[in-house]
There are 2 protein chains.
Amino acid sequence: MLRAAVELADAVGIDAVSMRRLAQELGVVPMALYKHVANKDQLLDGMVDVVLGEIEPADPDLDWQAAVRARVLSARRAVLRHPWARQAIESRTHRTPTVLGYMDSLAGTFRRGGFSADLTHHVMHALGNRIWGFSPELFDEPPAPDAAPPSAEEQQALAAEFAARYPHILEIAVAATGDDLSGVGAGCDEQFEFEFALDLLLDGFDRLRAQGWSSARR
Amino acid sequence: MLRAAVELADAVGIDAVSMRRLAQELGVVPMALYKHVANKDQLLDGMVDVVLGEIEPADPDLDWQAAVRARVLSARRAVLRHPWARQAIESRTHRTPTVLGYMDSLAGTFRRGGFSADLTHHVMHALGNRIWGFSPELFDEPPAPDAAPPSAEEQQALAAEFAARYPHILEIAVAATGDDLSGVGAGCDEQFEFEFALDLLLDGFDRLRAQGWSSARR
DNA sequence: GTTGACAGGTGTACGGCGTACACCTACCGT
DNA sequence: ACGGTAGGTGTACGCCGTACACCTGTCAAC
């Protein structure tokens with residue numbers, strides 16, 4: 001049933017996954033689902049667990065940095081396979097055993113790499129959702145081209161207005177796209193951004209570890 | 001009306017903010033709201049804009065690092081004043097002018113600090129949601145004490161089970177709480193974690209800027 | 001071989017949601 | 001005096017999660 005839910009979400013998006021719809025997909029009456037999960041929240045928890053189950057186990061032969069990197073990128077692959085997972089993970093407030101298990105295992109990698117429990121704690125916070133293989137998208141998806149695209153003049157006017165109001169964003173978009181600019185903010189290379197930030201953080205972690213950083217408060 | 005919506009969300013939480021409930025609060029019929037917003041999504045957008053409006057403007061006298069730090073911490077104060085804002089911001093997919101304006105202004109701070117447009121782009125991605133003053137909570141809120149707390153024995157058993165399954169998390173919790181351990185994961189010092197990660201990132205950014213980093217791809 | 005527990009499917013119903021659509025009213029510039 | 005417009009109204013539809021009472025088949029214990 002969790003598998004069916006995952007497939008349904010893959011197919012129609014997480015918002016369209018309702019108890020009723022899922023039941024229909026399973027050829028069953030909605031209330032039947034409640035024999036397997038207590039409520040919809042628990043269904044979502046289970047679906048997230050399925051996705052997290054796809055994360056490859058840690059490779060014990062790698063040093064901590066490579067191991068964390070590999071693990072997180074594996075998580076990313078899992079999340080990218082299920083476009084709804086990002087939102088689902090963000091919305092979960094409960095920590096299931098699967099979630100805890102993954103976090104524990106990742107923490108273990110840091111510990112074995114010579115991080116104190118203290119520092120491990122803080123670096124995992126610093127990674128934040130990157131643990132799960134994603135970070136927020138700063139800009140929109142390419143704005144779904146619904147209805148007639150604005151005429152050339154309108155587009156011109158819009159672009160001018162945008163340039164005047166948000167010069168720095170424009171500049172960035174130009175730099176990022178090699179000034180073709182077709183559709184401002186038409187999608188960053190998310191994978192690049194993810195690895196950029198990840199490596200930046202791992203580098204910083206290594207520096208702190210090397211200098212024997214310890215939390216100063218209290 | 002947006003103000004009323006914000007106050008309502010402050011009072012009862014974002015999930016309890018429905019068009020009907022908000023209308024009731026305003027002494028008006030639900031459909032009346034649709035004269036002011038096109039739909040509920042737009043209402044949420046507007047509410048987020050109100051919160052972002054509370055962020056203090058950039059101080060032009062600070063160097064880039066202090067300026068970004070101050071700005072982001074101001075955003076954090078705004079978000080913490082409205083506990084629902086975090087979730088609301090995460091759920092928004094649309095970029096309102098307010099959102100774009102804030103991002104543009106922050107990008108400007110980097111640019112004036114000597115960052116290339118290219119590097120500015122990537123560091124803003126690296127900050128991710130920290131731009132808005134928050135990062136995901138790794139662990140639960142203290143698990144709302146509903147119903148009878150488990151008996152001492154049960155608690156013992158639970159703790160033992162937990163220790164066996166998640167030794168590293170336990171270790172971290174011990175390190176973080178000074179081993180009193182009343183309720184595992186009983187809340188981290190989120191403010192500390194936030195600033196820890198923020199400073200780590202700002203440090204990394206500075207190193208990249210100083211060495212004239214430029215994106216290598218393409 | 002009967003029985004009783006239990007896993008799991010069924011049917012009905014309730015209260016809530018967002019919002020489409022047609023309508024009404026008060027005001028204001030002409 | 002009048003037409004447009006901003007904003008409030010009332011009704012209705014189709015969705016949602018899920019409480020509650022009920023039914024059915026399987027299987028172990030007696």
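Quick note on labels: first sequence line is chain A, next is B, and so on, each numbered from 1. Only a predicted model underlies this, so the values are computations on that prediction, with no experimental measurement involved.
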### Task
Name all residues meeting the side-chain contact (heavy atoms from CB on, under 4.5 Å) criterion together with B:Asp104; count only those two or more places apart in sequence or in a different chain, and write none if there are none.
A:Tyr166, A:Pro167, A:His168, A:Ile169
Taking N or O atoms only and anything under 3.5 Å, show me the protein contacts with nucleotides 5-9 of chain C, one pair per line.
| residue | atom | partner | partner atom | Å |
| --- | --- | --- | --- | --- |
| C:dG8 | N7 | A:Lys35 | NZ | 3.4 |
| C:dG9 | O6 | A:Lys35 | NZ | 2.8 |

## Note on the structure
B:Lys40 atom NZ is separated from C:dT19 atom C1', nearest whole Å, by 12 Å
### Task
Identify, residue by residue, the members of residues 41-50 of chain A with a heavy atom below 4.0 Å from DNA chain C, and return them in order of residue number, or none.
none
### Message
List the residues meeting salt bridge (charged side-chain N to carboxylate O under 4.0 Å, His left out) with A:Arg165, not counting sequence neighbours, and say none if there are none.
### Response
A:Glu161
### Task
Check every nucleotide of DNA chain D for an atom under 4.0 Å from a heavy-atom of chain B, then give the first and the last such nucleotide from 5' to 3'.
D:dG7 to D:dA12
### Task
Name all residues meeting the side-chain contact (heavy atoms from CB on, under 4.5 Å) criterion together with B:Ala4; count only those two or more places apart in sequence or in a different chain, and write none if there are none.
B:Leu22, B:Leu26
### Query
For residues 29-44 of chain A, which residue pairs qualify under salt bridge (Lys or Arg N to Asp or Glu O under 4.0 Å), counting only residues two or more places apart or in two chains?
A:Asp41-A:Arg92
### Listed partners of B:Asp10 passing salt bridge (charged side-chain N to carboxylate O under 4.0 Å, His left out), at least two apart
none
### Residues touching DNA chain D, which here means a heavy atom under 4.0 Å, drawn from residues 2-21 of chain A
A:Ser18, A:Met19, A:Arg20
### Query
Which residues pass the salt bridge (charged side-chain N to carboxylate O under 4.0 Å, His left out) test with A:Asp199, sequence neighbours left out?
A:Arg69
### Task
Under the side-chain contact (heavy atoms from CB on, under 4.5 Å) rule, collect the residues that match up with B:Arg20, sequence neighbours excluded.
B:Ser18, B:Pro30
### Task
Would you mind reporting whether B:Arg21 and B:Val12 have side-chain heavy atoms less than 4.5 Å apart?
yes
### Message
Consider side-chain contact (heavy atoms from CB on, under 4.5 Å). Of A:Val6, A:Val28, A:Leu43, which one does A:Met1 pass it with?
### Response
A:Leu43
### Query
Hey, is the main chain of A:Glu56 close enough, under 3.5 Å, to the side chain of A:Ser74 for a donor-acceptor pair?
yes
### Summary
Across all chains, not counting sequence neighbours, the salt bridge (charged side-chain N to carboxylate O under 4.0 Å, His left out) partners of A:Arg112 are none
### Message
Could you check whether A:Phe192 and B:His125 have their ring centres less than 6.0 Å apart?
### Response
no
